[in-house]
2 protein chains.
Amino acid sequence: MNLTVAEENYIKAIFHLQQAEGNVSTNQLAASLNTKPASVTDMLKRLTHKNLLNYEPYQGVTLSKDGKKQALTIVRKHRLWEFFLVDKLQFGWDEVHEVAEELEHVRSKKLVDKLDAFLGHPKFDPHGDPIPDSNGIMATIRQFNLIDINPTAWVEVCSVGIQSAELLELLRHKNIGIGTIFQVIRKFDFDHSIEISIKNSKSLNISQQLAQALFVKLV
Amino acid sequence: MNLTVAEENYIKAIFHLQQAEGNVSTNQLAASLNTKPASVTDMLKRLTHKNLLNYEPYQGVTLSKDGKKQALTIVRKHRLWEFFLVDKLQFGWDEVHEVAEELEHVRSKKLVDKLDAFLGHPKFDPHGDPIPDSNGIMATIRQFNLIDINPTAWVEVCSVGIQSAELLELLRHKNIGIGTIFQVIRKFDFDHSIEISIKNSKSLNISQQLAQALFVKLV
DNA sequence: AATTATTTTTAGGTAAATCTAAATAATTTA
DNA sequence: TAAATTATTTAGATTTACCTAAAAATAATT
């Protein structure tokens, strides 16, 4: 099935909204896609006709099995490109979204799979979101960004968003790796740095940049 | 000025046809774009209205100054992506065109310039065509692929299409570099390999793959 | 030069993806 | 529960990028 760019954007938006809220309403979609409810209704009919949605008029939509599959390949592409932009082209993690919005629509399975291999099959994108593999399977760790954690919480590193050589070097130097358990001592509003304490070791200071690259789960 | 994908494809097609034949006719464009003459006329009017073309009904078109500038940025993107696909993602040089046709339409000046830097500011794409720089300036060497050269011709290496580490290693090993002058002794139809002779050195055998990566000019 | 053939343009139409305005269904509130 | 509000759909238009068929301009041939 070959989707247009607009169709792909609808599928992706439904995927994300459905993740957060179950059944997705026409108005939610219109807001999320910066379009009007009437336009959404039109498109829902077309996507339903292509068997990508479960749609009952006035009752909102969810993705069908096929729709979910399509959504996962788009999400996979989006996140792989984000990883590429940050890790290889030195984009800031906060400036990659727009560009990835365009790159995700390039249709070539071979391109995506080769890109994946080139990047070393990363499991998380620069924002810490899991990247689906070529079968649509992705990590489901319930994770938080270190920046969002309250002081005094005990947490465990579950992934590293940006896997550049420089970051890996920094992490090795600080003795932090996936699985490391530590306590958040306090956060400094001035520079958004974070003081942490690793078990049986003295406390460390984590810069904002590093904190944004670390994804953790509560322990 | 923000062009649609279709508009960009017209500009690009006119650029290439104009290179070869001067004034470009409606029929030529229709053939080149797999569309009908009537559709071409429509688009020519729109692009003329955007000041990208010099168009006189029944007389064919050429690109205006603005149009040429647009064309060069599209060609730049296309060729940089082709280089990326071959050099980084290990695509074959003969399978990158389609994918680059899509990637070339991603709009982000920053992306292109960062990609250019990441690739090491290559001067030629994997087919040996020159890559315009960010000002639209490109090498104008009249070059041939080694594969297309007649035996007994004296030629000089003027560029290397694919600049992978492996290829550069092979070239160093064979003592071939940009500027190297040699004679094509003969070509073997069986495996398309080529026998060459470098001045003051014994003769060498060049595989088809290597020959396809070497671009030369007649001396 | 007049006729024929070719090329190009005009006229009118279609599908995708959007819009506004009006109608209808569902939900909330009095 | 009836009225008011909100959400959604339908109806009818618009723009882009195509199309076919017919008309007009240019080029080729006798």
Side-chain angles (χ1 to χ4, degrees), chain A residues 1-14 17-18 20-63 67 70-71 74 101-102 104-105 107, chain B residues 1-15 17-18 20-63 67 70-71 74 101-102 104-107:
Chain A
M1 174 103 44
N2 238 358
L3 302 183
T4 66
V5 170
E7 287 169 338
E8 286 194 347
N9 284 334
Y10 272 85
I11 292 291
K12 193 177 47 144
I14 295 167
L17 290 170
Q18 171 175 329
E21 327 217 2
N23 253 43
V24 180
S25 75
T26 304
N27 266 6
Q28 275 179 304
L29 269 171
S32 153
L33 290 162
N34 270 308
T35 181
K36 304 290 156 173
S39 309
V40 172
T41 301
D42 277 0
M43 186 60 101
L44 294 185
K45 283 187 204 155
R46 290 191 26 218
L47 292 174
T48 300
H49 192 249
K50 292 190 176 192
N51 291 311
L52 297 168
L53 303 182
N54 308 310
Y55 168 53
E56 212 55 57
Y58 294 100
Q59 303 305 298
V61 281
T62 56
L63 293 173
Q70 290 283 352
I74 303 164
E101 287 288 294
E102 295 199 46
E104 75 189 0
H105 299 295
R107 334 158 200 287
Chain B
M1 175 102 44
N2 239 359
L3 302 183
T4 65
V5 170
E7 286 169 340
E8 286 193 349
N9 284 332
Y10 271 84
I11 293 291
K12 194 178 45 143
I14 295 166
F15 177 83
L17 290 170
Q18 170 175 330
E21 325 217 4
N23 252 43
V24 180
S25 76
T26 303
N27 266 7
Q28 276 179 305
L29 270 171
S32 153
L33 291 161
N34 269 307
T35 182
K36 303 290 155 177
S39 309
V40 172
T41 302
D42 277 358
M43 185 60 100
L44 293 184
K45 282 187 203 154
R46 288 187 31 214
L47 293 174
T48 301
H49 192 250
K50 292 190 176 192
N51 291 310
L52 297 168
L53 301 182
N54 308 310
Y55 168 53
E56 212 57 55
Y58 295 101
Q59 304 305 299
V61 281
T62 57
L63 292 173
Q70 290 282 354
I74 303 164
E101 287 288 294
E102 294 200 46
E104 76 190 359
H105 299 296
V106 174
R107 332 158 203 290

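Convention: sequence-line order gives letters A, B, ...; per-chain numbering from 1.
- Taking every side-chain heavy atom of A:Thr35 into account, C:dT18 is the closest of C:dT18, D:dA7, D:dC18.
- For B:Thr4, the side-chain atoms get nearest to D:dA17 when compared with the rest of D:dA17, C:dT8, D:dT8.
- Within the structure, side-chain hydrogen bond (donor to acceptor under 3.5 Å, both in side chains) contacts touching residues 51-61 of chain A (residues at least two apart or in different chains) are A:Asn54-A:Thr62.
- If you check D:dT30 for Watson-Crick or wobble pairing at under 3.5 angstrom, you find it paired to C:dA1.
- No side-chain donor-acceptor contact under 3.5 Å links A:Gln28 to the backbone of A:Leu17.
- Here D:dA7 presents its P atom at 13 Å from CD of A:Glu21, a figure rounded to the nearest Å.
- Atoms CG (A:Leu29) and C1' (D:dT9) sit 15 Å apart, rounded to a whole Å.
- Phosphate proximity of D:dT8 to A:Asn27: present, with a side-chain N or O under 4.0 Å from OP1 or OP2.
- Distance from the side chain of B:Lys36 is smallest for D:dT20 among the nucleotides D:dT20, C:dT18, D:dA11.
- Side-chain atoms of B:Glu7 lie closest to D:dA17 of the nucleotides C:dT9, D:dA17, C:dT20.
- Comparing atom distances between the A:Tyr58 side chain and each of D:dT8, D:dC18, C:dT8 picks out D:dT8 as nearest.
- Nearest nucleotide to the B:Gln59 side chain, out of C:dT9, D:dT26, D:dT9: D:dT26.
- Listed candidates were C:dT18, D:dT20, D:dC18. Nearest to the side chain of B:Ala38 is D:dT20.
- If you check every strand for non-hydrogen atoms under 4.0 Å, A:Pro57 touches sugar and phosphate atoms only.
- Nearest nucleotide to the A:Met43 side chain, out of D:dT10, C:dT18, C:dT9: C:dT18.
- Rounded to an integer number of Å, the gap from NE2 of B:His49 to C1' of D:dT15 is 15 Å.
- Taking side-chain N and O atoms only, B:Lys45 has a distance below 4.0 Å to OP1 or OP2 of C:dT10.
- Among D:dC19, C:dA16, D:dT10, the nucleotide with an atom closest to any side-chain atom of B:Asp42 is D:dC19.
- The side-chain heavy atoms of B:Val61 and B:Gln18, taken from C-beta on, include no pair separated by under 4.5 Å.
- When each of A:Ser39 and B:Thr41 is assigned the nucleotide of DNA chain C bearing its nearest heavy atom, the one mapping closer to the 5' terminus is B:Thr41.
- The interatomic distance linking B:Tyr55 (OH) with C:dT9 (C1') rounds to 7 Å, in whole Å.
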